[in-house]
Amino acid sequence: MKRNLFSALAVLTSIFFISSLSSCGDSYSPITLTSKDEKTVITNNDTIKLTKFTDGEQYNIKGGNGKYFPEIINKKDTEIFKFSYDGNTISITPVNEGSSYLNISDSEENASRFVVTVEKKDRHYNVESVSATVEGDDLTVGTQKELVNLIISESDIKAGGKFDFQYTNSTNGIVKILSSEGSQYKSGSFVETKSYNPGNGEEISSFKITISESEIFTLYLSEEKMTLSKDVTDRYKGQKHEYNNLEKAYLIYNLSVVPTEDE
């Protein structure tokens, strides 16, 4: 009787143990990627979009059993992205344009696959309209209006124009500018630098553009306002006696983004 009782208990214990092991893997939540600020969660088969010539993105891996094994699965032989994993954070860095896969599995054979797409850094803008701002405490209202109208009328680039910035590395490239619809593009080079507006902390990109030895100027891009601005203070200050009190003047190109083929 005791032998039968012990045998029955042993069988029940074995069944419970095996059942616990088999359900253990099922109890894990799916493997996901969470942005460092925890505002973005990327799940199985989602797409991670990166831009070429940038630092890429960092994520925390969550879900599964915590023992992760990331690997790249390329659709082509070209290296699209690379990654580093320190046991806590995975950093994904763009290399070449295209799409590839990041597969993350754990020791319990849970797995998630993420599509990683690397896009061009190039920027393409249409000029929707041209405006201007002037500053000067002692400028009359009439003089301000006159200056604004003059700056707009003398702008080489009109509504219908375009700016194309084609990057050859992270900060340099070729710029093509169309002054108006139906005109010819003129080409040059650019160097981009980053700065921050001390007033609101907005990141500003400055493009030093060289068309020729005699035509070098700087444009300031605000992606928040979608504008390219050019400081024209020196051009107009003192041009007339009434303009002597001019402190700042900007020519402003109001932009829209030219959609890419994928959008």
Side-chain angles (χ1 to χ4, degrees), residues 120-167 171-261 263:
K120 290 182 179 180
K121 189 181 179 181
D122 298 357
R123 304 172 186 268
H124 304 282
Y125 300 113
N126 288 327
V127 179
E128 297 295 331
S129 62
V130 180
S131 58
T133 61
V134 296
E135 298 176 14
D137 290 340
D138 295 324
L139 289 175
T140 66
V141 173
T143 300
Q144 289 179 32
K145 288 182 178 179
E146 180 182 313
L147 267 169
V148 166
N149 291 333
L150 180 62
I151 292 169
I152 293 171
S153 66
E154 292 187 345
S155 172
D156 293 334
I157 300 165
K158 311 292 185 183
K162 297 179 184 293
F163 290 95
D164 293 334
F165 296 94
Q166 301 170 8
Y167 288 80
T171 58
N172 297 58
I174 297 167
V175 62
K176 294 183 178 180
I177 301 174
L178 186 73
S179 59
S180 60
E181 248 181 297
S183 63
Q184 296 292 316
Y185 277 97
K186 59 181 179 180
S187 300
S189 61
F190 72 85
V191 178
E192 180 186 5
T193 57
K194 300 284 188 181
S195 60
Y196 293 89
N197 185 325
N200 58 17
E202 179 193 0
E203 184 178 82
I204 302 293
S205 294
S206 303
F207 294 90
K208 183 179 180 181
I209 295 173
T210 301
I211 302 298
S212 65
E213 289 184 4
S214 60
E215 190 175 0
I216 301 172
F217 55 93
T218 300
L219 295 175
Y220 303 93
L221 174 66
S222 168
E223 291 191 275
E224 184 177 306
K225 298 177 181 177
M226 282 306 298
T227 59
L228 276 169
S229 302
K230 182 179 181 181
D231 189 334
V232 292
T233 308
D234 291 342
R235 177 175 175 180
Y236 292 98
K237 185 178 177 68
Q239 193 179 96
K240 289 173 61 176
H241 175 73
E242 293 86 347
Y243 301 167
N244 287 341
N245 293 321
L246 177 65
E247 296 171 8
K248 278 291 179 184
Y250 287 95
L251 172 62
I252 301 169
Y253 304 111
N254 302 293
L255 310 172
S256 64
V257 176
V258 178
T260 63
E261 293 179 0
E263 293 179 325

To check you understand the geometry: which heavy-atom pair defines the closest contact between [X] and [Y], and what is its length?
| X | Y | result |
| --- | --- | --- |
| S180 | S183 | O-OG, 2.6 Å |
| S129 | A159 | CA-CB, 4.2 Å |
| N244 | G238 | OD1-CA, 3.2 Å |
| S256 | E128 | OG-OE2, 2.5 Å |
| I252 | T133 | CD1-CG2, 3.7 Å |
| L178 | I157 | O-CG2, 4.1 Å |

Indicate yes or no for a side-chain donor-acceptor contact from [X] to the backbone of [Y] under 3.5 Å, with no hydrogens or angles considered.
| X | Y | result |
| --- | --- | --- |
| K194 | S205 | no |
| D122 | Y167 | yes |
| S153 | L150 | yes |
| T233 | A249 | yes |

Legend entry - Evaluation steps, ring pair (Phe, Tyr, Trp, His ring centres under 6.0 Å), between Y125 and Y253: CA-CA 10 Å; Y125 300 113; Y253 304 111; over 10 Å; no
Inset, instruction - Determine whether the side chains of K230 and T218 contain a donor N or O and an acceptor N or O closer than 3.5 Å. - result: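 Note: K230 and T218 side chains miss the donor-acceptor criterion.
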Nearest 0.5 Å, what's the [atom1]-[atom2] distance between [X] and [Y]?
| X | Y | atom1 | atom2 | value |
| --- | --- | --- | --- | --- |
| K237 | K248 | NZ | NZ | 10.5 Å |
| I204 | E202 | CD1 | CD | 4.0 Å |
| I209 | F165 | CD1 | CZ | 4.5 Å |
| D164 | N126 | CG | CG | 8.5 Å |
| E242 | D138 | CD | CG | 13.5 Å |
| L255 | T227 | CG | OG1 | 6.5 Å |

Below 4.5 Å, heavy atoms only, C-beta onward: do [X] and [Y] meet side chain to side chain?
| X | Y | answer |
| --- | --- | --- |
| V232 | E154 | no |
| E203 | Y196 | yes |
| S222 | S229 | no |

Inset, instruction - Before accepting this row, confirm whether a basic side-chain N of the pair K240/E146 lies closer than 4.0 Å to the acidic partner's carboxylate O. - result: yes
Inset, instruction - Take I151 and V134 through the side-chain contact (heavy atoms from CB on, under 4.5 Å) test and state the conclusion after the steps. - result: CA-CA 10 Å; I151 292 169; V134 296; 3.9 Å; yes
Inset, instruction - For atom CD of E181, decide whether the heavy atoms of other residues, nucleotides or ligands shown that lie under 6.0 angstrom number more than 12. - result: no
Inset, instruction - Could you check whether the rings of F190 and F207 sit parallel, tilted or perpendicular, using 30° and 60° as the cut-offs? - result: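 Ring orientation of F190 relative to F207: perpendicular.
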Inset, instruction - Sort out for me which residue in T143, V141, D137 forms a side-chain contact (heavy atoms from CB on, under 4.5 Å) with L139. - result: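 Result for side-chain contact (heavy atoms from CB on, under 4.5 Å) with L139: T143.
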